[in-house]
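Please read the structure below before turning to the comments.
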Amino acid sequence: MSYLSNAKLDLSLPEINDENDKSEVKPSDNKLTQSFYDNAVRQFTSDNNTIVAEQGTSFFGLASQRLPEGAKFFGQPLWGSIGYAFPAALGNQIANKDRRVVLSTGEGSLQLTIQELGLAFREKLNPVMFVIDNSGYTVERVIHGMNEHYNDVPKLNYGLMPKAFGAKDDEYDFIEASTENELFDAMSKAKEEKDKLVLIQVNMGMQDVPEQLAKTAKAFADQNK
């Protein structure tokens with residue numbers, strides 16, 4: 001008879017090769033990719049930021065980034081409940097208004113809890129919101145149904161959303177970015193506008209996913225066969 005107490009469990013984690021983790025990314029007029037976005041967010045983040053990443057491309061792309069000392073990172077891969085990140089980001093900001101929250105979420109996930117914009121403006125919060133618009137539930141596409149209609153989401157006009165939920169003109173800024181240079185310009189503006197909620201729509205390709213997500217999704221897909 002074998003006992004769990006006698007089992008030899010290898011709980012060690014593989015060593016991370018962070019040789020390029022601190023390399024500076026330089027923008028061009030190229031269209032945005034997930035890889036560039038992840039590195040740009042890492043470079044954008046300061047020691048006084050708290051990143052909240054939605055499950056899916058945001059979490060899998062940013063969780064492996066080496067952030068500055070003092071920066072915080074939140075995600076919830078255990079339950080994988082989409083729609084979590086936006087309310088969690090606002091809760092973080094309410095709990096500590098001295099730290100600026102950076103949210104990274106997909107447009108599909110945001111649509112589940114987008115009404116919390118009303119809370120953000122009522123509480124005068126100033127997060128930076130990166131909303132990845134890649135034409136639907138990308139994390140679901142790569143598991144099962146890349147071109148299935150049920151993985152599409154309604155196309156919202158995010159520039160109109162703040163006012164729809166009660167924002168005044170001087171309480172927010174909306175910026176749309178489709179190229180590397182546009183993303184860097186948006187990030188620069190977000191750093192300057194410290195007293196505003198800055199909503200940045202980040203346009204990316206439908207099938208552009210982080211490498212780790214692609215590997216995980218394949219394992220899920222194989223299990224579902």
Side-chain angles (χ1 to χ4, degrees), residues 20-46 49 51-68 71 73 75 82 85-86 89 100-111 114 127-142 146-147 151-162 172-193 196-217:
N20 298 318
D21 281 353
K22 296 182 180 179
S23 59
E24 182 179 353
V25 292
K26 296 182 179 180
S28 70
D29 285 328
N30 291 337
K31 289 184 178 180
L32 277 173
T33 63
Q34 184 72 48
S35 177
F36 183 90
Y37 167 80
D38 295 334
N39 282 285
V41 172
R42 184 247 314 158
Q43 190 166 306
F44 168 79
T45 304
S46 73
N49 285 145
I51 294 181
V52 180
E54 182 61 78
Q55 188 62 20
T57 56
S58 288
F59 178 83
F60 282 95
L62 295 174
S64 60
Q65 297 294 325
R66 178 179 286 272
L67 301 176
F73 183 90
I82 64 173
F86 184 33
R100 194 176 195 189
V101 172
V102 176
L103 168 70
S104 181
T105 186
E107 86 280 36
S109 298
L110 180 63
Q111 288 185 25
I114 196 171
V128 180
M129 299 175 58
F130 292 103
V131 181
I132 299 175
D133 190 332
N134 50 11
S135 302
Y137 295 115
T138 301
V139 63
E140 299 293 340
R141 291 190 192 280
V142 294
M146 179 59 72
N147 297 300
N151 285 324
D152 299 338
V153 299
K155 187 73 173 178
L156 300 188
N157 187 329
Y158 292 99
L160 299 179
M161 290 298 106
Y172 77 97
D173 194 7
F174 170 75
I175 310 169
E176 188 169 359
S178 300
T179 68
E180 295 172 358
N181 278 323
E182 288 173 352
L183 179 62
F184 260 57
D185 289 343
M187 288 177 164
S188 179
K189 199 168 185 182
K191 284 191 174 183
E192 294 173 1
E193 298 180 321
K196 292 184 178 182
L197 182 151
V198 181
L199 197 164
I200 302 172
Q201 179 178 332
V202 184
N203 298 318
M204 278 192 248
M206 185 182 77
Q207 299 186 34
D208 187 0
V209 299
E211 180 181 357
Q212 187 57 49
L213 175 56
K215 292 179 180 178
T216 304

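- Within the 4.5 Å cutoff, the side chain of M204 has no heavy atoms near those of the D133 side chain.
- Side-chain contact between K191 and V128: absent, with no pair of heavy atoms (C-beta onward) separated by less than 4.5 Å.
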Working for side chain to side chain contact (heavy atoms under 4.5 Å, CB included), residues V41 and S104:
CA-CA 9 Å; V41 172; S104 181; 5.7 Å; no
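- Residues Q65 and T45 are not in side-chain contact: their nearest non-hydrogen atoms beyond the backbone lie 4.5 Å or more apart.
- Distance alone, capped at 3.5 Å, places no donor-acceptor pair between the T105 side chain and the E54 backbone.
- At least one side-chain heavy atom of E180 sits less than 4.5 Å from a side-chain heavy atom of L32.
- The side chain to side chain donor-acceptor pair (under 3.5 Å) test applied to E182 returns no partner, not counting sequence neighbours.
- Donor-acceptor pairing under 3.5 Å is recorded for the side chains of D38 and Q34.
- At least one donor-acceptor pair closer than 3.5 Å links the side chain of Q111 to the backbone N or O of P154.
- Counted by atom type alone, N49 and S46 present one or more donor-acceptor pairs between their side chains at under 3.5 Å.
- Using a 4.5 Å heavy-atom threshold, the side chains of L199 and Y172 count as separate.
- Within the 4.5 Å cutoff, the side chain of Q55 has heavy atoms near those of the F60 side chain.
- Within the 4.5 Å cutoff, the side chain of M187 has no heavy atoms near those of the V102 side chain.
- Between L156 and E107 there is no side-chain heavy-atom pair separated by less than 4.5 Å.
- Partners of E176 according to the salt bridge (Lys or Arg N to Asp or Glu O under 4.0 Å) rule, which considers only residues two or more places apart in sequence or in another chain, do not exist here.
- In this model, a donor atom of one side chain and an acceptor atom of the other lie less than 3.5 Å apart for S28 and N30.
- With sequence neighbours excluded, no residue forms a side chain to side chain donor-acceptor pair (under 3.5 Å) with K26.
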